[in-house]
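Okay, so here's the structure we're looking at.
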There are 2 protein chains.
Amino acid sequence: MKNEADETYTCGLDAALDIIGGKWKVLILWHLHSGPHRFGELKRLVEGISEKMLIQQLKEMESHGIVSRKDFKEVPPRVEYAVTDFGVSLTEALRPLCAWGEEHMQRIEQCSHKCEAEKQRAAG
Amino acid sequence: MKNEADETYTCGLDAALDIIGGKWKVLILWHLHSGPHRFGELKRLVEGISEKMLIQQLKEMESHGIVSRKDFKEVPPRVEYAVTDFGVSLTEALRPLCAWGEEHMQRIEQCSHKCEAEKQRAAG
DNA sequence: GCAAGTACCTACCTATAAGTAAGTAGAGTT
DNA sequence: AACTCTACTTACTTATAGGTAGGTACTTGC
C-alpha cells in the first residue's frame, strides 16, 4: 500500500499486509507451513485456485523472500516450494491471528451471510 | 473470501483477513486503538483517505462488530467511533504481526521498490 | 445569500486483483 | 498422431476495491 517512492508505512500491520494480503497467499502459506510441496500438490490442496493465480502468488511470495523455489532441473519439470526462515518468522507472527480467526470463525461466517443478505436486499 | 453459502474458511487466517483485509481497515484500527475518535479526527489522522472510503470502512467494521458507533444526536452531527471488546481481542491478536511488520518494514519497503522497478522495466 | 462546522449519501469512474482460455516445453505411452 | 505428466507463459476478460465529485442535513455567523 504505502510503497510510493517517498512514503513509508504508517504501522507494521500496513507493511505486513502488503506481504500476505489478498485472497490466496494465506491459504498457500497455510499449506506450505506443514512442509515443502510441489506445484501440483499445492494446486490440489488449495481448493479453487487456478494455475495462473498459484504461479503468480508463489512468484510474489518468492520475491518477498517468504517462500523458496527449488528447481530440480528434471523433465517433466519438478519444482519444490518451501517456507523460508523469514517466512517462518511470519507464520509465527500469524499464529495468534490464526487462532483468533479459528475461534471466531462461525461469528465471521454469520456476519458474512448477513452482509450478503443485506446486499441482495438492497439490490432489490 | 470463503463466504459462499455452502463453504467455510480453510483456516483462521482466511476468516480474519475478511475482517481486516484491504487498504484502510488496519490504519483505521491502528488509530482507534489509542482511544475513541470522531469522524473528522479519523479523517485527519488517516492520511490520504477520502470521506467516502472512511465511511465505508467504518460501516463495515461496525457491521463486523469490531468498532462501535455512538451518535450523540447533536447538530452539527457528533459521532464517536471506538474499538469494541471484540475489536480489542482482534487488536491483541494482531500485535505479533504488527511487531513483525515493524521489525521488517525496511526490508518490505526495499522489496516493494524492487518490484516496482522490475514492473517498470518490463513495461519498457 | 455565502461560508463554516459536523457526518454522511449517491452516481459514476479508475485501478487493481482475480479469472478464463489458450498456449509453451520435454519425455513417455498408446 | 494423440494423450499423459510436469510447471509454467501470455492475452484478454471479469470482479472487486478504491477514488472523484456532487450532493444532503442542520446551525451559526458574516
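Letters A, B, ... are given to chains in the order of the sequence lines, protein chains preceding strands, and every chain is numbered from 1. Side chains included, hydrogens not; waters and symmetry mates left out as well; all remaining heavy atoms used.
- As rounded to whole Å, 5 Å separates atom C1' of D/dC8 from atom CD1 of A/I55.
- In this structure, B/Y9 and A/M105 have side chains that are in contact, with non-hydrogen atoms separated by less than 4.5 Å.
- Among the heavy atoms of the strands lying under 4.0 Å from B/E51 is at least one base atom, whether or not backbone atoms are also near.
- Nearest-nucleotide assignment on DNA chain C puts the 5′-proximal partner with B/E80, out of B/E80 and A/V75.
- The phosphate of C/dC8 (OP1 or OP2) has no side-chain N or O of B/R38 nearer than 4.0 angstrom.
- Taking only side-chain atoms of A/P76, from C-beta outward, the nucleotide of D/dT20, D/dA7, D/dT6 with the closest atom is D/dT6.
- Contacts of B/K59 with the nucleic acid, taken as non-hydrogen atoms under 4.0 Å apart, involve only primed sugar atoms and P, OP1 or OP2.
- Remark: A/K23 is in phosphate contact with C/dG19, judged by side-chain N or O atoms under 4.0 Å from OP1 or OP2.
- Look at CD on A/Q56: it is 14 Å from P on C/dT16, rounded to the nearest Å.
- With D/dG18, C/dA7, C/dG26 as the choices, the nucleotide that has an atom nearest any side-chain atom of B/M53 turns out to be D/dG18.
- When distances run from any side-chain atom of A/W24 to the nucleotides C/dA18, C/dG26, D/dA7, the shortest one goes to C/dA18.
- Straight-line distance from the CG atom of B/L58 to the P atom of C/dC9: 11 Å, rounded to whole Å.
- At C/dC8, one or more side-chain N or O atoms of B/R69 fall inside 4.0 Å of OP1 or OP2 (strictly under the cut-off).
- With DNA chain C read from its 5' end, the first of the two nearest nucleotides for B/Y81 and A/K52 is the one closest to B/Y81.
- A/R107 is listed as a side-chain neighbour of B/F86, based on a closest heavy-atom distance under 4.5 Å.
- Rounded to whole Å, atom C1' of C/dC8 lies 11 Å from atom CG of B/D71.
- Taking atom CG on B/L42 and atom P on C/dT6, their separation rounds to 13 Å, with Å as the unit.
- Electrostatic pairing of B/E41 and B/R38 does not count as a salt bridge here, judged by no charged N lying under 4.0 Å from a carboxylate O.
- B/E62 places its CD atom 15 Å from the P atom of C/dA7, with the value rounded to the nearest Å.
- Side-chain contact, A/W100 with B/S89: a donor N or O sits under 3.5 Å from an acceptor N or O.
- Backbone-only engagement by B/Q57 is indicated by non-hydrogen atom pairs under 4.0 Å involving sugar-phosphate atoms exclusively.
- Taken to the nearest 0.5 Å, the CD atom of A/E103 stands 12.0 Å off from the SG atom of A/C98.
- Between the C1' atom of D/dA17 and the CD1 atom of B/I28 lies a distance of 13 Å, rounded to the nearest Å.
- Contact annotation for B/F72: no contact, since no heavy-atom pair falls under 4.0 Å across all strands.
- When distances are taken from the side chain of A/P77 to each of D/dG19, C/dA25, D/dA11, the shortest belongs to C/dA25.
- Within the 4.5 Å cutoff, the side chain of A/L94 has heavy atoms near those of the A/L29 side chain.
- Rounded to whole Å, atom P of D/dC8 lies 9 Å from atom CG of A/L54.
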